[in-house]
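See structure below.
One-based numbering, in listed order, for ligands and for the atoms of each.
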Amino acid sequence: MTEASLVADVGVIGGSGLYALLDDATEHEVSTPYGSPSDKITVAEVGGRRVAFLPRHGRDHRFPPHKIPYRANLWALRSMGVRQIIAPCAVGGLRPELGPGTFVVPDQLIDRTSGREQTYYDTGAVHVSFADPYCPQGRRAVLAAGARQGIEAVDGGTVVVVQGPRFSTRAESRWFSAIGGTIVNMTAHPEAVLARELALCYSSIALVTDLDAGVEGDHGVTMEEVFSVFSANTARLRDVLLEAVATLPTERTCACAGTLDGIKLPFDLP
Ligand SMILES: CSC[C@H]1O[C@H](OP(=O)(O)O)[C@H](O)[C@@H]1O
Ligand SMILES: Nc1ncnc2[nH]cnc12
């Protein structure tokens, strides 16, 4: 285990089914004012970038989506030097054409969670812009990396983020489609907004593991289905992620970096 200061500049937050990513990695135990992150953070060089990997549920999946220490996770990554994050996730499809095995690079989200710690700013006047929750530069890099790896990911989509841990009812699921949702998961919020509150670039690649309950069939979603489809696609996802982190532009030209410019913060960022 080594000291964790400024050892990485790109972060990957793995979700259900993705508990490790890097070969020949060093392990870092990081503490934050918000407690411990979900697990030790591993770091390795990939294509000239120093990449930090953190499994959001912990490597043994001990944190369900509503108990993930999101604030500690994002803070820990920033404190290591990370400024750009790619956060893969498993999702349900809310449209029949988005079947299992489809990759989507979302550009919007709808928050249907409740009771989660979703801000660092419990004092002061800090109201970040969140009209576009995903970093455009990161999205382009992920889409291009996918194409080079032979994966034509769907460019854009709205993630409906539910509280979980249960899956949705058919009526909820139909409603999510009707209000414009394309995919559904349980973790994109507050992860995306906390990244924005720390002026980090945050993009995602979502693997559709199932069609959600309102979309088709009468079996409903099961956890087994999610893990089984995920594990059939893990190698492809890993290839895209490694390609994406290696080709992500080092210079941040998007608005994410300037999110907090001109705002008086109640504390210093790491
Ligand atoms: C294991 S089924 C539900 C689980 O899958 C998704 O995980 P993640 O977003 O971390 O990839 C969903 O959000 C739930 O956490
Ligand atoms: N149908 C679904 N609903 C919520 N989260 C999911 N993660 C994977 N599939 C899901």
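- Between Val46 and Leu242, the shortest heavy-atom contact is CG1-O, 3.7 Å.
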Between ligand 1 and the protein, which N/O pairs are shorter than 3.5 Å?
{"from": "ligand 1", "atom 1": "5 (O)", "to": "Ser16", "atom 2": "OG", "distance (Å)": "3.1"}
{"from": "ligand 1", "atom 1": "7 (O)", "to": "Ser16", "atom 2": "OG", "distance (Å)": "2.7"}
{"from": "ligand 1", "atom 1": "9 (O)", "to": "Asn185", "atom 2": "ND2", "distance (Å)": "3.0"}
{"from": "ligand 1", "atom 1": "9 (O)", "to": "Thr187", "atom 2": "OG1", "distance (Å)": "2.5"}
{"from": "ligand 1", "atom 1": "10 (O)", "to": "Ser16", "atom 2": "N", "distance (Å)": "3.3"}
{"from": "ligand 1", "atom 1": "10 (O)", "to": "Arg56", "atom 2": "NH1", "distance (Å)": "3.0"}
{"from": "ligand 1", "atom 1": "10 (O)", "to": "His57", "atom 2": "NE2", "distance (Å)": "2.5"}
{"from": "ligand 1", "atom 1": "11 (O)", "to": "Ser16", "atom 2": "N", "distance (Å)": "3.1"}
{"from": "ligand 1", "atom 1": "11 (O)", "to": "Ala90", "atom 2": "N", "distance (Å)": "2.8"}
{"from": "ligand 1", "atom 1": "13 (O)", "to": "Met186", "atom 2": "N", "distance (Å)": "2.8"}

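- Aromatic ring centroids of Tyr120 and Tyr34 lie under 6.0 Å apart.
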- Go through the steps for Arg236 and Val240 under the test side chain to side chain contact (heavy atoms under 4.5 Å, CB included), then give the verdict. CA-CA 6 Å; Arg236 296 203 304 152; Val240 177; 5.6 Å; no
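- Among protein residues, Ala90, Val91, Gly92, Phe167, Val184, Asn185, Met186, Thr209, Asp210, Asp212, Val221, Val226 come within 4.0 Å of ligand 2, judged on heavy atoms.
- Side-chain contact between Val104 and Val91 is absent, with no heavy-atom pair separated by less than 4.5 Å.
- The two atoms that bring Arg116 and Pro190 nearest to each other are CD-CD, 3.8 Å, heavy atoms only.
- Between Arg83 and Glu251, none of the side-chain N atoms (NZ, or NE/NH1/NH2) sits under 4.0 Å from a carboxylate O, so this pair counts as no salt bridge.
- Every residue two or more places apart in sequence or in another chain was checked for a salt bridge (Lys or Arg N to Asp or Glu O under 4.0 Å) with Asp261, and none qualifies.
- Every residue was checked against the side chain to side chain donor-acceptor pair (under 3.5 Å) condition with Glu117, not counting sequence neighbours, and none meets it.
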- Item | Verdict with reasoning, Val159 to Tyr134, per side chain to side chain contact (heavy atoms under 4.5 Å, CB included) | CA-CA 11 Å; Val159 191; Tyr134 294 96; 3.6 Å; yes
